Amino acid sequence: MNHIFVTAHFISYFYVPKKLQMQPDFEQLKAQLEGDLFIDNVQRVLYSTDASQYKELPLAVTRPKNKEDIKKIIDFARKNGTSVIPRGAGTSLAGQVVGPGIVVDVSKYMNRIVEFNEKENYVIIEPGVVLAELNLFLAKYGLQFGPETSTANRCVMGGMLGNNSCGLHSLVYGSVREHILEVDAVLSDGSETTFKALTKDEFKAKLNGNPNQLEKAIYQNINQLLSDENNQKEIRDKFPDPKLTRRNMGYAIDVLLDSAVFTKGGETFNFCKLLAGSEGTLAFSTRLKLNVIPLPPKHKGLVCAHFETLEESLHGNLVALKYKPTAIELMDDPVMQAAKQNREQNKNRWFVKGDPGAMLMIEFSFETEKELSETAAALEKELREAKLGYHFPLITGEDKIKRVWALRTAGLGLLSNIPGDRKGVPGIEDTAVHPEYLPEYIADFKKVLKKLGLESIYYAHIATGEIHFRPLINFKDPGDVQLFDTLMNEVAALVKKYRGSMSGEHGDGRVRGKFIPYMLGEKNYELIRSVKKAWDPDNIFNPGKIVDTPPITESLRVIPGKAIPEFDTQFDFSNYNGYFRSIEKCNGSGDCRKSDKIGGTMCPTFMATRDEDKTTRGRANILREFLYSSEKEQAFDHKEIYDILNLCISCKACKSECPSNVDMAKLKAEFLQHYYDIHGIPLRSKLIAYLPRLNRLAMVFQPLSNWMMNLSVTKKMVGFSADRNVPALSKITLNRWTSKGIHQPETAPKGKVYLFNDEFTNYNESDIGIKAILLLTKLGYEVQIPATLESGRTFLSKGLVKTSKKIATANVERLKDIITKETPLVGIEPSAILAFRDEYPDLVDAELQAAAKQLGENALLFEEFMAAEIEKGNIQQSQFTNQEKQILLHGHCQQKAVASTEPSKKILSFPANYTVEEIPSGCCGMAGSFGYEKEHYELSMKIGEMVLFPAVRETRAETIISAPGTSCRHQIKDGTDRKAMHPVEVLYEALLN
């Protein structure tokens with residue numbers, strides 16, 4: 001019976017008869033579009049989810065290039081009886097962009113800033129412009145767009161309009177509704193119009209003599225609804241408290257009612273205020289005209305008030321509001337504890353004292369530093385007198401404030417790190433009540449949780465009465481699914497008691513639309529439905545959102561009661577209860593969609609292409625869905641997964657930059673091993689994996705080998721790009737150079753170092769290894785090279801995990817008794833030495849894991865060792881030249897993800913007159929063998945061209961380019977014709993005598 005149930009799910013998920021019937025039409029539409037159209041299962045699966053718990057396979061996916069494309073898609077949908085689902089970054093938490101129609105992704109192409117008027121303070125943009133990128137542009141003029149969501153580095157402005165987004169500073173900036181001036185839109189009949197502020201006379205003109213019949217009907221509908229006194233009373237009596245700024249239930253007819261057309265002394269009428277929060281259900285926006293405002297005063301500070309309990313913080317919030325802050329954000333203990341498990345966010349906890357039960361991050365902005373310090377002191381004084389809180393650090397400085405906010409905004413992703421199937425799910429996370437009611441509201445809410453046997457996380461926008469609750473629910477358990485439904489109903493009653501809103505900023509979508517009739521009354525609900533009918537009579541635009549929504553427990557990502565697949569793996573995934581649950585750590589928040597303009601490393605292939613299938617989220621979605629729904633005897637036998645993972649360059653950035661710590665490189669390697677077990681290992685993958693062992697043979701014929709490897713015919717046979725220079729073998733291996741022993745310091749050594757002779761240094765860059773030994777010995781250290789195998793990096797990169805496991809086991813066995821804190825293992829190539837720290841503990845068997853972990857802790861990058869010795873005073877500045885040198889540093893991806901570039905910067909700037917600047921680049925694009933492979937060469941160079949290559953080209957010839965990674969140095973050479981040096985080489989040349 002269970003087999004039949006699962007089979008039915010597979011058919012319903014991957015087989016859509018309507019899609020097959022419409023195939024000829026789709027091909028015709030595809031030919032008409034300037035943009036893209038996809039009907040394959042992979043793309044449809046990629047767009048079947050967002051950041052909510054919902055999943056529904058769309059009919060097709062389109063990426064329009066312009067307004068004309070959008071009109072053609074709408075026309076097609078109308079003629080074929082389907083729907084259009086506008087989509088941006090896909091960060092929706094209420095299932096707004098999940099549905100069975102045609103997904104229209106505006107983020108790839110429709111992302112231009114069309115016009116900027118500094119004098120009149122407005123900007124005109126396309127809907128796919130990312131908020132943070134818009135603000136980077138505006139900052140040059142001292143301006144900004146006010147509302148700022150926690151997803152600012154990837155969310156698009158069209159989505160912000162659809163949700164009427166608010167964000168961190170809504171206390172002073174309000175929501176998008178307060179800043180949207182005009183919207184160019186395509187209506188459901190394909191006609192075009194512009195919505196903007198209208199005088200009474202202009203409004204009347206829209207009602208009479210309007211040549212656009214649908215637009216005329218839209219204005220007539222709202223005029224009829226809001227002119228009725230009974231409707232007016234019903235709206236004013238039943239809609240959320242007007243004092244509550246975060247209220248987004250249904251359509252904003254209450255806001256339009258307060259306009260001058262219907263209320264004396266009101267603001268001018270503007271349908272843009274209705275479109276804000278309409279979730280793409282009324283019209284398709286093609287251009288937005290936005291109001292922009294000055295940047296806040298320069299003197300900013302955060303009072304990070306520590307409280308023993310959540311309840312204390314609720315009362316502390318009311319005290320803080322009296323001091324007119326620009327923002328107050330809440331974090332509770334579970335979120336702060338989860339941050340400890342995230343390498344990137346753990347560094348951002350530097351200001352946290354002890355383990356507070358809750359924290360308020362209270363931001364102030366003033367014209368003078370004196371005002372800031374005096375206000376912070378007065379606030380602290382009042383809180384202490386009220387016996388609220390125990391620690392009140394004032395954080396100032398742009399970089400430090402940015403790190404504190406990064407910790408707060410990572411909250412959603414961090415919650416995915418909680419092990420187990422119970423996760424903090426969206427649903428009641430968007431409720432809002434007036435701040436003065438929060439203490440009583442939370443007390444009542446906790447009673448509901450206690451009654452239902454649930455726990456919750458609390459964080460976010462406490463200043464405006466919206467706390468994101470995240471109750472822990474397991475949708476795999478049918479009992480928890482029912483519990484979720486019960487919880488939603490209980491909380492709705494509670495919110496209504498305080499005349500709050502179920503939707504504060506995340507929208508109704510399909511998770512909260514059900515509650516509109518209860519919250520606002522049946523009559524108001526029918527008014528809202530009539531608005532939808534007037535605007536969209538054929539139900540083309542994003543149906544099933546806000547009104548006429550499906551049951552909230554349907555179309556979940558998982559099937560309640562269905563067991564998840566369990567796999568025997570080479571890597572140890574037990575920390576997260578197995579391989580599949582490690583994939584499920586991705587909650588869809590889309591942190592991997594930030595562009596190169598934003599910074600960071602994750603995710604380089606997306607940065608270069610802006611394609612969803614080249615994000616960590618996209619890869620996780622494909623892994624999860626194909627493994628979960630697979631009917632094959634061997635679940636890993638899916639070429640769709642293989643093809644998607646092919647463009648993951650294993651940079652490891654997601655392991656640190658993704659708040660959920662999704663380690664796609666590890667997931668990819670494990671998948672490839674299983675796939676190869678079924679299909680065999682491709683020849684090129686085998687050649688690259690075994691390259692260190694092949695090089696041993698090639699060294700015998702070294703000059704000939706170098707000549708042959710760079711022949712076009714050889715590259716073609718291997719599958720390398722003809723435009724690449726294959727790394728040459730050194731004249732002598734490092735092993736051979738040290739075979740007669742290493743000359744040790746003449747005086748008593750300062751310490752003993754085991755230098756790991758990795759496979760790249762040994763065969764391809766032994767000159768760097770030799771310089772490392774000479775440098776260390778001249779600085780007074782005894783150097784030995786232990787007998788080890790290669791690191792296994794080439795095998796890992798190609799998915800030969802079984803062989804990697806053997807190598808890791810052998811190396812741990814050989815080194816565990818000699819490597820200690822006092823006698824560390826020091827490595828030159830980051831990708832090789834960091835394998836000891838990152839992969840080895842999860843590769844070896846259980847009985848060796850403790851030893852592997854200890855070995856990893858004492859396996860150091862060359863820069864880490866040098867920086868530590870400088871800190872101890874064992875290395876003196878006087879030992880190096882005092883000549884002036886400028887150095888431009890490019891850090892290695894895995895160094896950034898697993899270690900840090902700080903030691904590199906520290907040692908490179910150690911000589912008295914050496915200055916270092918780090919290039920704000922992510923991945924160089926080479927990524928081991930990736931950039932050599934002919935089908936990846938173009939993408940590899942495109943990644944390099946984003947930041948790295950231009951930065952190198954702009955430097956003076958005498959500037960030293962430094963890069964710790966061997967692949968990075970080759971990429972820099974191929975892309976800019978500049979030679980990059982390892983930090984070893986830079987310091988060796990700087991050493992006196």
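Everything numeric here is computed off the predicted structure, so don't read it as measured data.
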| So does Arg247 pair up with Asp254, basic N to acidic O under 4.0 Å? | yes

| Which atom pair, heavy atoms only, marks the closest approach of Thr82 to Leu59? | OG1-CD2, 3.6 Å

| query | Of all heavy-atom pairs between Glu640 and Ile622, which one has the smallest distance, and what is that distance? | reply | O-CG2, 4.2 Å

| field | Where Pro58 and Val103 come nearest, the two heavy atoms and their spacing | value | CB-CG2, 3.7 Å

| Cationic N near anionic O, under 4.0 Å, Lys72 to Asp75 | no

| task | Answer yes or no: are there more than 12 heavy-atom neighbours, outside Glu935 itself, under 6.0 Å from its atom CD? | result | yes

| Is the closest basic N to carboxylate O distance between Glu657 and Lys594 below 4.0 Å? | yes

| said: Does Ile253 form a side chain to side chain contact (heavy atoms under 4.5 Å, CB included) with Leu257? I'd like the steps, not just the answer. | reply: CA-CA 6 Å; Ile253 57 176; Leu257 177 58; over 6 Å; no

| request: Start with the C-alpha gap between Arg246 and Ser501, add the side-chain angles, then the distance that decides, and say whether side-chain hydrogen bond (donor to acceptor under 3.5 Å, both in side chains) holds. | output: CA-CA 7 Å; Arg246 287 174 176 264; Ser501 176; over 6 Å; no

Donor-acceptor pairs under 3.5 Å, side chain of residues 92-100 to any protein atom, not counting sequence neighbours: which ones?
{"from": "Gln96", "atom 1": "OE1", "to": "Ala94", "atom 2": "N", "distance (Å)": "3.0"}
{"from": "Gln96", "atom 1": "NE2", "to": "Asn163", "atom 2": "OD1", "distance (Å)": "3.0"}
{"from": "Gln96", "atom 1": "NE2", "to": "His506", "atom 2": "O", "distance (Å)": "2.5"}

| query | Side-chain contact, heavy-atom cut-off 4.5 Å: Glu612 with Gln43? | reply | no

| field | Check: Glu625/His638 side-chain N/O donor and acceptor closer than 3.5 Å | value | no

| Quick one: do Lys545 and Asp508 make a salt bridge, cutoff under 4.0 Å? | no

| Side chain of Gln224, backbone of Asn221: donor and acceptor closer than 3.5 Å? | no

| message | I'd like to know whether Asn66 forms a side-chain hydrogen bond (donor to acceptor under 3.5 Å, both in side chains) with Glu34, so could you lay out the CA-CA distance, the side-chain angles of the two residues, the decisive distance to 0.1 Å, and finally the verdict. | response | CA-CA 8 Å; Asn66 48 47; Glu34 289 186 45; 3.2 Å; yes

| said: One thing to verify: whether Lys196 and Glu182 come together as a salt bridge, which I'm taking to mean a side-chain N less than 4.0 angstrom from a carboxylate O. | reply: no

| query | For the residue pair Pro64 and Val106, what are the closest heavy atoms and their distance? | reply | CG-CG1, 4.4 Å

| Does Phe145 have its ring centroid less than 6.0 Å away from the ring centroid of Tyr173? | no

| field | Parallel, tilted or perpendicular, as decided by the 30° and 60° cut-offs, for the rings of Phe203 and Tyr219 | value | perpendicular

| field | Pair Arg610 + Glu133, salt bridge at N-O below 4.0 Å | value | yes

| Between Arg512 and Glu429, what is the shortest heavy-atom contact and its length? | NH1-OE1, 3.0 Å

| Just by distance, do the side chain of Asp591 and the backbone of Cys658 share a donor-acceptor pair under 3.5 Å? | no

| query | Does the side-chain hydrogen bond (donor to acceptor under 3.5 Å, both in side chains) test come out yes or no for Arg617 and Thr49, once each step is laid out? | reply | CA-CA 10 Å; Arg617 176 177 73 178; Thr49 62; over 6 Å; no

| Polar side chain donor-acceptor pair, Thr281 to Asn542, under 3.5 angstrom | no

| query | Among Val255, Val531, Ile218, Val183, which one satisfies side chain to side chain contact (heavy atoms under 4.5 Å, CB included) with Leu274? | reply | Val531

| query | Would you call Asp613 and Arg619 a salt bridge, using N to O less than 4.0 angstrom? | reply | no

| task | For Lys206 and Glu215, run salt bridge (charged side-chain N to carboxylate O under 4.0 Å, His left out): C-alpha distance rounded to whole Å, both residues' side-chain angles, the deciding distance at 0.1 Å, then the answer. | result | CA-CA 8 Å; Lys206 292 287 186 180; Glu215 183 186 18; 2.9 Å; yes

| message | Tell me the closest heavy-atom pair linking Gly128 and Asn111, and the distance in Å. | response | O-CB, 3.4 Å

| Is the closest basic N to carboxylate O distance between Lys942 and Glu945 below 4.0 Å? | no

| field | Asp36 bridged to Arg63 by N-O distance under 4.0 Å | value | yes

| Geometric cation-pi criterion, Arg510 with Tyr54: 6.0 Å, 45° | yes

| Is Lys65 close enough and on-axis enough to Tyr109, meaning under 6.0 Å and within 45°, for cation-pi? | yes

| task | Examine Phe76 together with Phe26 and report whether their ring centres are nearer than 6.0 Å. | result | yes

| query | Does the pair Arg557/Glu584 count as a salt bridge with the N-to-O cut at 4.0 Å? | reply | no

| said: Using 30° and 60° as the class boundaries, would you call the ring planes of Phe195 and Trp535 parallel, tilted or perpendicular? | reply: tilted

